[in-house]
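Per chain, numbering begins at 1; letters A, B, ... match sequence-line order.
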Number of protein chains: 2
Amino acid sequence: MTDEKTQIKQNFIEGLSGISSFWGFPKGMGAIFAVLYISPAPLSLDELVEQTGLTKGAISTNVRSLARMGLIRPVTRLGDRKDYYEAETDFYKSIRAILKERQNSEFDQAVASVRETLSKLESGQGAFAPAERAFLTERVRALSDFFSALDSLTSAISRLDGLGIGTIQTVLKILK
Amino acid sequence: MTDEKTQIKQNFIEGLSGISSFWGFPKGMGAIFAVLYISPAPLSLDELVEQTGLTKGAISTNVRSLARMGLIRPVTRLGDRKDYYEAETDFYKSIRAILKERQNSEFDQAVASVRETLSKLESGQGAFAPAERAFLTERVRALSDFFSALDSLTSAISRLDGLGIGTIQTVLKILK
DNA sequence: TAGAACGTTTAGTTGTTACTAAACAAAGTA
DNA sequence: TACTTTGTTTAGTAACAACTAAACGTTCTA
């Protein structure tokens with residue numbers, strides 16, 4: 001492979017690595033996905049080792065995460081004991097999977113604790129003076145509403161599915 | 001302050017701390033914001049030290065980040081050398097500020113490098129075989145389009161502004 | 001001018017995370 | 001059975017991020 005080809009691909013791989021780490025995932029995960037994404041054929045674990053420079057162990061764990069999130073798919077070939085992997089190309093599908101993955105996690109738990117605070121305030125718990133209770137209730141409720149709105153938005157994204165950019169553009173127009 | 005009151009507030013503070021760290025910010029930042037958010041009056045740095053348990057240094061740096069992101073506002077009192085801070089209560093405003101902050105950062109840079117890859121492929125750089133070039137171009141373009149869509153969505157969020165939940169609900173209905 | 005009140009900066013500590021290297025397990029093949 | 005091929009798990013490492021404690025620089029006040 002010529003130097004220029006390698007460099008173009010390398011640049012792409014590094015770009016996805018950066019995006020990955022930006023969103024709080026390991027840089028290696030981004031690299032693995034990138035390599036698979038620009039590969040015409042599914043790759044084995046050893047091919048991934050070769051093309052990413054990571055070790056088998058790292059590939060093994062990152063590949064598992066990627067598969068769990070639906071960003072890549074395992075491909076098994078009959079009579080071949082190796083595992084192969086290919087990238088998922090429907091990003092909306094992937095996003096839905098990622099959001100689902102992240103749900104039920106610390107985030108939802110944290111949001112729940114805010115809601116809990118609200119209901120305690122509303123049900124009269126705690127020896128708050130009337131004015132203080134009113135103040136706190138209003139603030140915490142506003143925050144809780146805000147989380148609800150965010151929730152709606154993320155589930156909207158989940159539903160974008162195969163609709164693609166056209167739909168999003170439409171939505172944007174509606175939002176003026 | 002009675003134990004129950006303290007506990008309710010503490011629960012709220014811990015909730016926001018969790019949310020903060022979930023989104024990749026220091027836990028302390030969430031705690032500081034939480035304390036300010038449920039305070040009827042602006043608080044000084046020392047009051048924040050007292051109520052969060054963090055040290056002055058930590059408060060100092062975190063408060064600066066929060067202010068830069070527009071999540072809190074400095075309040076100066078005439079004839080008082082202390083700095084006071086109050087929470088921003090318009091979350092949509094805050095989100096817009098945060099997105100703006102995060103932009104021009106690693107993320108945009110990374111996305112740019114993907115776009116760069118695309119334009120190199122399209123302009124015929126690199127000694128790719130025709131079929132390989134077509135394949136790569138298609139894949140990288142799909143990814144680039146996807147980022148554009150995400151971009152549109154985030155700027156849509158920015159624009160939600162004071163519209164609130166009602167608008168979002170409307171959008172959701174349109175998305176079916 | 002000395003000292004106090006504040007906020008910032010710095011050095012050092014702690015905890016976390018993604019990784020490597022290597023041991024290990026499982027399953028096929030000679 | 002022994003050996004090979006494959007993937008997983010574990011122990012250790014290096015880098016990093018958030019924090020504490022304390023030194024520091026300013027600005028106000030006596």
**Quiz item: cation-pi between R139(B) and Y37(A), 6.0 Å / 45°** = yes
For the residue pair R77(A) and Y84(A), would you count it as a cation-pi contact if the rule is NZ or CZ under 6.0 angstrom from the ring centre and within 45 degrees of the ring axis?
yes
Would you kindly give the [atom1]-to-[atom2] distance between [X] and [N], to the nearest whole Å?
X: I32(A); N: dA18(C); atom1: CD1; atom2: P; result: 12 Å
X: R68(A); N: dT8(D); atom1: CZ; atom2: P; result: 13 Å
X: Y85(A); N: dG7(D); atom1: OH; atom2: C1'; result: 8 Å
X: D80(B); N: dT29(D); atom1: CG; atom2: P; result: 10 Å
X: F22(B); N: dA18(D); atom1: CZ; atom2: P; result: 16 Å
X: L78(B); N: dC28(D); atom1: CG; atom2: C1'; result: 16 Å
X: R64(A); N: dG7(D); atom1: CZ; atom2: P; result: 12 Å
X: K82(A); N: dA27(C); atom1: NZ; atom2: P; result: 18 Å

Q | 4.5 Å side-chain heavy-atom contact, I8(B) and F128(A) | A | yes
Using distance alone, with no hydrogens and no angle criterion, decide if E47(A) and S44(A) have a side-chain donor and acceptor under 3.5 Å apart. yes
query = Can you find a side-chain donor-acceptor pair between R115(B) and S148(B) that sits under 3.5 Å?
reply = yes
- Item | Phosphate-side-chain proximity, R77(A) and dT6(D), N/O vs OP1/OP2 below 4.0 Å | no
Per nearest nucleotide of DNA chain C, the residue lying toward the 5' end, R81(A) or K27(A), is K27(A)
Value for CG (L118(A)) from OG (S113(A)), rounded to nearest 0.5 Å, stands at 11.5 Å
In numerical order, the residues of residues 47-63 of chain B whose heavy atoms come under 4.0 Å of DNA chain D are G53(B), L54(B), T55(B), A58(B), N62(B)
